[in-house]
Asks: 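Can you keep this structure in mind? I'll have questions shortly.
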Amino acid sequence: MAIELLEPANAKAYRQLMLEAYALHPEAFVSSIAQREKLPLSWWEAKLDDELSALFGAFVDSRLVGIVGLAFEPWEDARHKATLFGLYVSEAFRGQGLGEDLVQAVLSLAGQEPEIKVIELSVSANSDAALALYKRCGFEQSGLEDSAIRVGEAYYDRVHMRRPWAHPHTHPPGGGGGE
């Protein structure tokens with residue numbers, strides 16, 4: 001298994017994995033398979049070549065089986081925040097630590113950006129495994145959005161989470177130096 005930064009050359013595999021995610025877990029995404037399957041491959045390539053985001057992939061035997069992204073804020077007054085988005089691991093590969101490895105790749109990238117002070121995300125309130133994973137990785141709930149996503153006639157809540165970020169050369173927010 002390898003975690004790698006995705007490039008436009010990975011667009012076909014990225015598209016395939018995301019369409020799987022939209023089909024199997026429509027409550028987890030704001031976009032739908034109906035919206036995204038119509039988009040040309042060039043749209044997916046552009047997503048992987050955006051200077052305001054980075055996408056990581058988990059590969060098993062050269063097959064893309066997991067993804068996660070980190071989006072950076074374009075506005076100067078908001079550059080202290082980054083957003084973790086789109087975490088998905090194919091069902092056959094769950095329970096092997098790939099999700100946590102992907103989140104750690106995002107955290108490692110955030111650690112290279114000195115302006116970032118907090119990483120935010122939102123996750124379906126009914127996704128117990130994802131909520132547990134994010135808590136293990138240091139995220140805490142900061143809000144709850146009722147009926148955030150509608151799939152057919154069903155409504156799903158979203159949990160907003162955040163993780164204060166302390167760079168290696170600084171002390172954690174609210175923490176002492178402890179040396």
Side-chain angles (χ1 to χ4, degrees), residues 1-74 81-110 112-113 116 119-134 137 139 145 148-161:
M1 192 269 310
I3 304 292
E4 299 174 12
L5 201 54
L6 297 180
E7 301 174 349
N10 301 114
K12 188 175 180 183
Y14 172 54
R15 177 186 184 274
Q16 182 179 348
L17 190 59
M18 285 307 302
L19 293 180
E20 173 187 311
Y22 298 139
L24 296 177
H25 301 283
E27 76 286 355
F29 299 95
V30 223
S31 301
S32 71
I33 189 168
Q35 295 166 322
R36 295 291 168 98
E37 69 185 348
K38 297 182 236 178
L39 297 170
L41 191 59
S42 60
W43 184 87
W44 299 90
E45 290 169 342
K47 294 276 291 175
L48 298 176
D49 194 26
D50 179 359
E51 67 182 36
L52 290 175
S53 66
L55 283 118
F56 289 93
F59 291 86
V60 174
D61 298 327
S62 300
R63 177 178 164 206
L64 181 64
V65 299
I67 50 175
V68 69
L70 184 65
F72 303 99
E73 294 291 334
K81 300 185 296 180
T83 303
L84 184 151
F85 69 93
L87 178 64
Y88 179 74
V89 175
S90 281
E91 202 165 324
F93 296 91
R94 293 181 188 163
Q96 301 175 29
L98 294 178
E100 190 158 346
D101 290 345
L102 286 163
V103 172
Q104 291 302 328
V106 162
L107 295 177
S108 178
L109 178 61
Q112 298 171 32
E113 300 294 331
I116 294 178
I119 301 169
E120 301 175 324
L121 63 85
S122 67
V123 59
S124 292
N126 66 333
S127 183
D128 295 335
L131 286 164
L133 166 63
Y134 293 134
C137 292
F139 288 87
E145 185 179 356
I149 298 192
R150 181 175 60 94
V151 179
E153 297 303 314
Y155 291 86
Y156 296 89
D157 299 343
R158 301 215 22 110
V159 174
H160 295 273
M161 302 182 86

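Please read these numbers as outputs of a predicted model, since none were measured by experiment.
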Asks: For Tyr156, enumerate each residue passing the side-chain hydrogen bond (donor to acceptor under 3.5 Å, both in side chains) test, keeping only those at least two apart in sequence or located in another chain.
Replies: none

Asks: How close do Ala28 and Ser124 get, heavy atom to heavy atom, and via which atoms?
Replies: CA-OG, 3.3 Å

Asks: Measuring from atom CG of Leu107 to atom CD of Gln112, what distance do you get when rounded to the nearest 0.5 angstrom?
Replies: 11.5 Å

Asks: Ser42: which residues meet the side chain to side chain contact (heavy atoms under 4.5 Å, CB included) condition with it, sequence neighbours left out?
Replies: Pro40, Glu45

Asks: Where is the tightest heavy-atom contact between Phe72 and Ala82, given as atom of each residue plus distance?
Replies: CD2-CB, 4.4 Å

Asks: Between Leu84 and Val103, is a side chain to side chain contact (heavy atoms under 4.5 Å, CB included) present by the stated rule, with each step listed?
Replies: CA-CA 8 Å; Leu84 184 151; Val103 172; 4.2 Å; yes

Asks: Could you work out, with ring-ring contact (aromatic ring centres under 6.0 Å, His included) as the rule, every residue matching Tyr22, not counting sequence neighbours?
Replies: Phe29

Asks: Under 4.5 Å between any side-chain heavy atoms of Val65 and Leu17, yes or no?
Replies: no

Asks: So do the side chains of Leu87 and Val106 get within less than 4.5 Å of each other, counting heavy atoms only?
Replies: no

Asks: Restricting to pairs with a member in residues 90-100, which pass side chain to side chain donor-acceptor pair (under 3.5 Å), not counting sequence neighbours?
Replies: Glu20-Ser90, His25-Arg94, Glu100-Arg136

Asks: Check ring-ring contact (aromatic ring centres under 6.0 Å, His included) between Phe139 and all other residues, then give those that pass, not counting sequence neighbours.
Replies: Tyr134

Asks: Which heavy-atom pair separates Leu5 from Ala54 by the least distance, and what is that distance?
Replies: CD1-CB, 3.9 Å

Asks: On a heavy-atom basis, which atom in Leu102 and which in Gly66 lie closest, and how many Å separate them?
Replies: CD1-C, 3.7 Å

Asks: One pair to check against side chain to side chain contact (heavy atoms under 4.5 Å, CB included): Ile67 and Leu6. What are the steps and the verdict?
Replies: CA-CA 9 Å; Ile67 50 175; Leu6 297 180; 4.0 Å; yes

Asks: Quick check: closest heavy atoms across Ala23 and Ile33, and the distance to 0.1 Å?
Replies: CB-CD1, 3.8 Å

Asks: Please enumerate all residues that pass side-chain hydrogen bond (donor to acceptor under 3.5 Å, both in side chains) together with Arg158, with sequence neighbours excluded.
Replies: Ser122

Asks: Would you say the side chain of Asp101 lies within less than 4.5 Å of the side chain of Gln104, judging by non-hydrogen atoms?
Replies: no

Asks: Counting C-beta onward and ignoring hydrogens, is there a side-chain heavy-atom pair between Asn126 and Glu27 closer than 4.5 Å?
Replies: yes

Asks: Taking only residues two or more places apart in sequence or in another chain, which ones pass side-chain hydrogen bond (donor to acceptor under 3.5 Å, both in side chains) with Ser31?
Replies: Arg36

Asks: List in chain and number order the residues that pass salt bridge (Lys or Arg N to Asp or Glu O under 4.0 Å) with Glu120, two or more places apart in sequence or in another chain; answer none if no residue qualifies.
Replies: Arg162

Asks: Which heavy atom of Glu73 sits nearest a heavy atom of Leu52, and at what distance?
Replies: O-CD2, 4.3 Å

Asks: Heavy-atom distance under 4.5 Å between the side chains of Leu19 and Gln16, does that happen here?
Replies: no

Asks: Under the salt bridge (Lys or Arg N to Asp or Glu O under 4.0 Å) rule, what pairs show up with a residue in residues 2-11, not counting sequence neighbours?
Replies: none

Asks: For a side chain to side chain contact (heavy atoms under 4.5 Å, CB included) check, start with the C-alpha distance between Asn10 and Leu64, then their side-chain angles and the critical distance, and finish with the verdict.
Replies: CA-CA 9 Å; Asn10 301 114; Leu64 181 64; 5.5 Å; no

Asks: Show me the pairs that pass side chain to side chain donor-acceptor pair (under 3.5 Å) and involve residues 46-61, at least two apart or across chains.
Replies: none

Asks: Please determine whether side chain to side chain contact (heavy atoms under 4.5 Å, CB included) holds for the pair Leu55 and Val68, giving the CA-CA distance in whole Å, both sets of side-chain angles, and the decisive distance to 0.1 Å.
Replies: CA-CA 6 Å; Leu55 283 118; Val68 69; over 6 Å; no

Asks: Suppose the criterion is ring-ring contact (aromatic ring centres under 6.0 Å, His included): which pairs have a residue in residues 30-66, not counting sequence neighbours?
Replies: Tyr14-Trp44

Asks: Would you say Leu98 and Met1 make side-chain contact, with heavy atoms under 4.5 Å?
Replies: yes

